[in-house]
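Count residues from 1 along the sequence. The shown structure was predicted, so the numbers you read here are calculated from the model rather than taken from an experiment.
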Amino acid sequence: MTVKNRQQSAVAKVTSKNQITVPKSVREVLQIRKQDKLKFSIKEENCWETCR
């Protein structure tokens with residue numbers, strides 16, 4: 001996937017119910033849709049990656 005003129009990072013806030021909203025820019029680039037599942041992998045302290 002080629003990403004041109006897109007922001008390379010985005011921030012999501014964890015709610016009091018431990019939920020996050022994936023930012024629109026990220027949803028668009030990763031083509032995330034309703035009912036998709038995301039896998040979170042810890043790469044190093046306080047850093048993680050998401051795979052669809």
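- The line from CG of L30 to CG of L38 is 8.0 Å long, rounded to the nearest 0.5 Å.
- Nearest heavy-atom pair, V26 versus A10, reported as atom, atom and distance to 0.1 Å: CG2-CB, 3.7 Å.
- A donor-acceptor contact shorter than 3.5 Å links the side chain of R27 to the backbone of V22.
- Counting only heavy atoms from C-beta outward, the side chains of T15 and I20 never approach each other to under 4.5 Å.
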